[in-house]
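To start, the structure itself, in structure tokens.
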2 protein chains.
Amino acid sequence: MRVRLEDVARATGVSQKTVSRVLNEEPSVKEATRQKVLAAMESMNYRPSPAARGLAGRRSFLVAMLYDNNDNPASTYLAEIQDGVLEACEAHRYSMMVCPLRVHGQDFLRRIDALVADHHIDGVVLTPPLTDNRKLLARLQEHGVAHACISPMHHKGIVGVFMDEQRAASDLVGHLVGLGHRRIAHVVGIADHGASRWRLAGYKDALAAAGLAVDPQYIVQGEFTFGSGVVAARRLFSLKRWPTAIFTANDDMAAGVMWTANEIGLKVPRDLSVCGFDDTPMATQLWPSLTTVRQPSREMGRLAAQQLLEQLRGRGKGRLVQIPYELQVRASTAAAPG
Amino acid sequence: MRVRLEDVARATGVSQKTVSRVLNEEPSVKEATRQKVLAAMESMNYRPSPAARGLAGRRSFLVAMLYDNNDNPASTYLAEIQDGVLEACEAHRYSMMVCPLRVHGQDFLRRIDALVADHHIDGVVLTPPLTDNRKLLARLQEHGVAHACISPMHHKGIVGVFMDEQRAASDLVGHLVGLGHRRIAHVVGIADHGASRWRLAGYKDALAAAGLAVDPQYIVQGEFTFGSGVVAARRLFSLKRWPTAIFTANDDMAAGVMWTANEIGLKVPRDLSVCGFDDTPMATQLWPSLTTVRQPSREMGRLAAQQLLEQLRGRGKGRLVQIPYELQVRASTAAAPG
DNA sequence: TCATGATTTGACAGCGCTGTCATAATTGCC
DNA sequence: GGCAATTATGACAGCGCTGTCAAATCATGA
């Protein structure tokens, strides 16, 4: 019926334990033996049973992708990351679970306990803002579960992947300055997200570099959603002196800003330049298409998972990988009006 | 250390097997015994090991959500369905795996084999267009894996969830007719998807009901993507007599149409009415906001999974549930020009 | 050549649960 | 009240693999 490890052992003339060693890439197996076993596995189409491995051993070959279901309702950002994580997992014959967490409440720690207890999760991939949740990190540590972070706020001793968002934001705002804009507003993301801080910092950097003062009126709080972009834009358009350009901390809010501009009859980019951050699919689907910064989410998911697996499979410690950004200058930004 | 079934048995003074029976909701356990065991499980915080259950029994308590990665790159549609499936699974202590399939190639059947062999998947949730892939269905049957479908093309003997998309489309086009439109175009989705057929059929129904002829010029092939919406729109605008309204088979293509309208200086809805289908988040974020049909993806995922689990847990056969649609009339449709 | 340590292999128990089958308790009915 | 038919429970093996620890094999230097 099913090809078992025992069958491979018998066919090869070695013990089950030796086959197991080969399977798990343990050292101290003679190369000749390894090859023989590997060949038999291949030809017999042997596929180890995850259930049995999980039961007998300490490892489950399972990683979970955790995300905050509260701040991120079914976004393409997460879907892309998930795709990347999945890809890396499959390459190493690991399985992936997805685990939405509602962080507002203490209950989410129980979910972690359950995940570890039930499935013996080997490791987790954390997405923002979970990457910086102290309680969560502590609990993972307690359970001895490895983790990799995507865009973590702090970098010390962390495994995962990040981008220099501050410089990216600064470059982007520099682009606006280069177009002659002097009154440039910024719509901030959810306050305690790293992404919000970096992008705001980059905005300030660019203004400073251009010798422009930071006007607090032009910095409006948002929360990464389309709706909050609308609200922020209305607030900006209620000012005496309108900004000629608005940089929002992500594309969704930029869409909100553009929507509002349409609503009040402003023409983008003639009357107002708008730029976002992330380069979600929406960026090219807006009219006019959105100037933004490309953040390769899928790739980031893949790399983070890869580093996690590196660590789990005992090949080194896993690193914090930096990934380059890329400005996407499109049609939503143009020279400042007259 | 870990609380095992044996511990519960000892604490209750019954055999392991009896505890197992309670755990699996098997019949022929005296009510008093059941309660005693249940109480012990609760107080000891017992959590069965999925690995052990999977190894010993025939069931894995695992379901997979399959989707076609080719036609559906990381869409919110799938993300929402996934969310719903996950919710239903968690309610019944099942785990969920996600499994992207590339259907163009024979290789995907191997992936199914692997999924079943490796993980002993109990059942799968199928999303379009996999719901109608004969080879896939046959292979699942062979493996004895139960399945539930979301919006399957055929309804006979199928478990899952569907909407009356044809009537929905017909209502939507009826809405356009009511606004005085006579030259109404339709951008079709990927040809062999059920969604495309129903929506096209509904379009024709509505024209017929209004006594309007179906003009083949006004029916343009698309493929559910933004880009294909752009292409389709350009084609329509190359005709001598432009349509005054365009109904696209989904929201993404509607966005493409609106983008193109903007490009050539057409004002929606003054010069052109546009409507889509699905009510993705994008629908309210477009300018002007899009008239469309609400398809509650998340809920559909939840219901499909629920029916699948119903079947797996042996409580009845699982049904094909119909879910109501809802027209969302927004700002992208208005009275026909002139 | 043989002792010594390093390397490579194997025997076996057991991970936590369920299937099988046998046994015990209970019920219905004449 | 006694017998068969039913219902409720338990003993035990074993799912497919890995951890432990002991044994065999090999390489090395005196």
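What you see is a predicted model; the values in this text were computed from it and never measured. What's counted below: heavy atoms across the whole structure, side chains too, no hydrogens, waters or symmetry copies.
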Give a yes or no on whether a salt bridge exists between Asp7(A) and Arg10(A), defined as a side-chain N under 4.0 angstrom from a carboxylate O.
->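 Looking at Asp7(A) and Arg10(A), the cut-off is met.
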For the side chain of [X], counting heavy atoms from C-beta on, which of [options] is nearest?
X	options	result
Leu55(B)	dT18(D), dG16(D), dG19(C)	dG16(D)
Arg4(A)	dT9(C), dG19(D), dC17(D)	dC17(D)
Ser28(B)	dC15(D), dT9(D), dT18(D)	dT9(D)

Can you tell me how far [atom2] of [N] sits from [atom1] of [X], to the nearest Å?
X	N	atom1	atom2	result
Arg58(A)	dG16(C)	CZ	C1'	15 Å
Arg53(A)	dG16(D)	CZ	C1'	11 Å
Asn24(A)	dT20(D)	CG	P	13 Å

Is any side-chain N or O of Thr18(A) closer than 4.0 Å to OP1 or OP2 of dG10(C)?
->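 It does, given that an N or O in the side chain of Thr18(A) lies less than 4.0 Å from OP1 or OP2 of dG10(C).
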Please work out if Arg21(A) contacts a base, only the sugar-phosphate, or nothing of the nucleic acid, heavy-atom cut-off 4.0 Å.
->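 Base, at least one base atom sits under 4.0 Å.
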If you pin Ala56(B) and Gly13(B) to their nearest nucleotides in DNA chain D, which one's is more 5'?
->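 Nearest-nucleotide comparison on DNA chain D picks Gly13(B).
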Given Gln307(A) and Gln311(A), is the side-chain hydrogen bond (donor to acceptor under 3.5 Å, both in side chains) satisfied, shown in steps?
-> CA-CA 6 Å; Gln307(A) 291 306 317; Gln311(A) 193 176 359; over 6 Å; no
Positions of residues 30-52 of chain A (non-hydrogen atom under 4.0 Å from DNA chain D), listed by number =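 Residues of residues 30-52 of chain A under 4.0 Å from DNA chain D: Tyr46(A), Pro48(A), Ser49(A), Ala52(A).
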